[in-house]
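What follows is a single structure, written as structure tokens, with notes after it.
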Amino acid sequence: TWVDKGLFNLISIFLSLFFNSKKYMKNADVVHCHIGNLESFLVAFIARFNSKPVICKAATGSFQSDIGVMKKSGIINRIFSLLANKIFNKWVATNNSVKKQLLNAKINTDKISLIPNSIVQQQQVEKRFEMKNFLYLGRLAKTANRDIPTMLKAFDKISKHYSDIELSIVGDGDMYNEIKDHVQSINNNSIRMIGFDDSFKWLRWADCIIQPSRFEGFSGTLIEAMSHNVICIANDIPSNRELLQNGALGFLTKVGCQDDLYNNIEKVINAQNPNDIANKAFDHVTNNYSIKMNTKKYIDLYESLISNIG
């Protein structure tokens with residue numbers, strides 16, 4: 001039966017993790033898991049059995065949150081998700097929308113630390129905006145849940161009124177060929193499929209980045225763009241809203257709304273103060289998402305857990 005198979009798989013995974021992690025667990029001070037899935041829960045059990053404190057970083061908000069996915073993934077995963085508050089000593093949320101999902105999953109407030117993802121701080125360079133180079137940068141995969149079709153429709157429409165603008169799609173994944181076929185069917189020379197390439201090169205080229213995520217835990221693409229003085233257009237979802245400060249540091253677009261995206265692209269093309277927008281975004285990222293600042297938060301967290309165990 002499915003119960004027998006599920007139990008057999010659980011035992012197999014547990015034994016594999018137990019023997020493979022044993023040699024590393026012995027000298028560890030803290031065990032740090034980077035996703036709240038079944039494997040992490042099993043590793044946490046092993047760590048707690050060995051008197052090691054365990055952290056789990058949760059990076060995704062909305063209905064696709066770590067624990068939310070587990071609750072929809074079979075009875076064994078659902079049982080483990082109910083133990084989330086007991087198994088881990090601490091949870092790390094990358095932003096407030098992720099923290100909200102953890103609180104909804106009954107994780108105690110005092111067990112949640114808010115530590116965002118970080119970037120290597122860039123030296124600010126004054127950008128000469130042409131307001132014509134638009135960029136999509138990221139995975140082209142089903143699991144990425146990007147609304148590429150709406151982006152393509154909006155850009156195809158607006159490029160008929162602004163003939164010198166260009167959209168470069170940089171990335172790869174299992175949807176690359178499907179999207180490439182879609183671009184070819186549009187037959188618009190303003191839209192280019194680049195494939196996988198050096199992201200920093202394209203961030204230097206771009207005036208504006210378009211991030212059409214349907215949901216996102218924390219967008220590394222957006223903070224990288226902001227740190228390179230690239231203006232951001234992003235779907236209006238909780239994590240993007242937080243990062244772009246409710247639209248003060250970029251442009252927020254209704255999810256799936258072609259007209260709204262069209263209007264925001266047009267606002268960028270006609271922006272009178274692009275450097276002001278970019279500079280505010282750069283300052284925000286520098287002051288809140290530097291790797292030096294957030295490394296210290298992790299070290300402080302590790303040291304507090306070690307001292308409590310000791």
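Taking all atoms of both residues into account, the shortest heavy-atom contact from N89 to P53 is OD1-CA, 3.2 Å. Contact detail for G256 and D147: the closest heavy-atom pair is CA-OD2, 3.3 Å. Across all their heavy atoms, I165 and S159 have their closest contact at CD1-CA, 3.8 Å. The two residues S168 and R192 make their nearest non-hydrogen contact at OG-NH2, 3.1 Å. Nearest approach of S118 to I291, heavy atoms of both residues: CB-CA, 3.5 Å.
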* I would like to know whether I209 and L137 meet side-chain contact (heavy atoms from CB on, under 4.5 Å); could you show each step before the answer? => CA-CA 7 Å; I209 195 165; L137 179 63; 3.9 Å; yes
* I148 vs M175, side-chain contact (heavy atoms from CB on, under 4.5 Å): CA-CA, chis, key distance, verdict -> CA-CA 10 Å; I148 305 294; M175 291 188 68; over 6 Å; no
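Ring planes of W205 and W202: perpendicular class, angle over 60° (limits at 30 and 60°).
A donor-acceptor pair is defined here as one N or O able to donate and one able to accept, closer than 3.5 Å; such a pair exists between the side chain of H228 and the backbone of E224. Between the side chain of R48 and the backbone N or O of I87, at least one donor-acceptor pair lies under 3.5 Å. Without hydrogens or angle criteria, K99 side chain to L114 main chain gives no donor-acceptor distance under 3.5 Å. With D207 contributing its side chain and K132 its backbone, the two residues share a donor-acceptor pair below 3.5 Å. No side-chain donor-acceptor contact under 3.5 Å links D236 to the backbone of R241. No donor-acceptor distance shorter than 3.5 angstrom exists from the side chain of N108 to the backbone of D110, with no hydrogens or angles considered.
Cluster annotation: F129 is not connected to V230 through the hydrophobic network of ILVMFWY side chains, with a link wherever side-chain heavy atoms come within less than 4.5 Å. Taken together through direct or relayed side-chain contacts under 4.5 Å among Ile, Leu, Val, Met, Phe, Trp and Tyr, M193 and I210 form part of one hydrophobic cluster.
No side-chain heavy atom of S227 sits less than 4.5 Å from a side-chain heavy atom of Y289. A 4.5 Å side-chain heavy-atom check between P116 and N95 finds every atom pair outside the cut-off. Residues L152 and P149 fail the side-chain proximity criterion, which asks for heavy atoms closer than 4.5 Å. Counting heavy atoms from C-beta on, the side chains of K297 and V92 never come closer than 4.5 Å.
Among pairs with a residue in residues 148-168, those fulfilling ring pair (Phe, Tyr, Trp, His ring centres under 6.0 Å) read F134-F155, at least two apart in sequence or across chains. Every pair tested for side chain to side chain donor-acceptor pair (under 3.5 Å) that includes a residue from residues 173-182 fails, sequence neighbours excluded, so the list is empty.
Electrostatic pairing of K157 and D259 counts as a salt bridge here, judged by a charged N lying under 4.0 Å from a carboxylate O. By the 4.0 Å N-to-carboxylate-O rule, K160 lies close enough to D156 to be salt-bridged with it.
By the side chain to side chain donor-acceptor pair (under 3.5 Å) test, K267 is found to be paired with no residue, residues two or more places apart in sequence or in another chain being considered.
The local environment of NZ in K280 is sparse, with at most 12 non-hydrogen atoms from other residues, nucleotides or ligands closer than 6.0 Å.
With 3.5 Å as the limit, one finds no donor-acceptor pair spanning the side chains of N240 and S213.
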